[in-house]
Amino acid sequence: MSKTVKELADELGVSKQTIRYHYRNIPDKYVVKGQDGVIRIDPIAEGIIRNKVVNNHHKNTGKYTDKDSEFTGKEKYDDHRNILVEQLAKKDEEIKRLHSLLEQAQKIADQAQQLQLMAEHS
């Protein structure tokens with residue numbers, strides 16, 4: 001389920017501007033503007049932003065806080081794993097679609113070659 005900029009900012013304990021700063025470098029396919037004009041962030045983009053915010057926080061403070069503890073250990077691993085599994089599923093779908101297009105292009109090329117041979121023999 002996609003979250004709004006405000007929801008993610010509140011969850012991470014940062015400003016909306018911080019979230020906007022990070023998502024503007026994320027591919028557009030992960031950022032969706034709802035019919036109500038509210039920007040929604042794809043779960044994959046959320047994971048990317050979450051990691052950037054947490055990593056920046058650690059770089060700036062040099063320490064981990066209780067708020068950061070939700071991103072450690074098994075939860076962090078599971079979060080990353082889920083993001084990667086979702087990305088792989090999307091990539092698999094895209095590969096299948098591209099294979100289908102490639103097969104169609106090959107059929108068209110074969111048909112064009114056959115038509116050319118028929119035209120040459122006529």
Practice problem: Applying salt bridge (charged side-chain N to carboxylate O under 4.0 Å, His left out), name anything that partners Arg97, two or more places apart in sequence or on another chain. | Solution: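 Arg97 satisfies salt bridge (charged side-chain N to carboxylate O under 4.0 Å, His left out) with Glu94 once adjacent residues are dropped.
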Quiz item: Sequence neighbours excluded, which residues qualify as salt bridge (charged side-chain N to carboxylate O under 4.0 Å, His left out) partners of Lys16?
Solution: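 Lys16 satisfies salt bridge (charged side-chain N to carboxylate O under 4.0 Å, His left out) with no residue once adjacent residues are dropped.
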Can you tell me how far the [atom1] atom of [X] sits from the [atom2] atom of [Y], to the nearest 0.5 Å?
X: Lys3; Y: Asp10; atom1: NZ; atom2: CG; value: 10.5 Å
X: Glu93; Y: Leu98; atom1: CD; atom2: CG; value: 12.0 Å
X: Ile41; Y: His22; atom1: CD1; atom2: NE2; value: 11.0 Å

Quiz prompt | Under the side-chain contact (heavy atoms from CB on, under 4.5 Å) test, residues paired with Glu86 that sit two or more places apart | solution =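 Listed in chain order: Asp42, Pro43, Ile44, Lys90.
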Quiz prompt | Contacts of Ser15 that satisfy side-chain contact (heavy atoms from CB on, under 4.5 Å) - sequence neighbours left out | solution =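 Ser15 satisfies side-chain contact (heavy atoms from CB on, under 4.5 Å) with Gln17, Thr18 once adjacent residues are dropped.
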Practice problem: Take Arg40 and Glu7, measure what side chain to side chain contact (heavy atoms under 4.5 Å, CB included) needs, and give me the verdict at the end. | Solution: CA-CA 9 Å; Arg40 298 206 167 269; Glu7 290 170 341; 4.3 Å; yes
Quiz item: Of Val5, Thr4, Leu12, which is the lone residue that meets side chain to side chain contact (heavy atoms under 4.5 Å, CB included) with Leu8?
Solution: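 Result: among Val5, Thr4, Leu12, Leu12 is the only option passing the side chain to side chain contact (heavy atoms under 4.5 Å, CB included) with Leu8.
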Validation: residues 104-117 side-chain donor-acceptor distances under 3.5 Å, sequence neighbours left out:
| unit_1 | atom_1 | unit_2 | atom_2 | d |
| --- | --- | --- | --- | --- |
| Gln106 | NE2 | Asp110 | OD1 | 3.2 |

Quiz item: Is the closest basic N to carboxylate O distance between Asp92 and Lys96 below 4.0 Å?
Solution: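 No.
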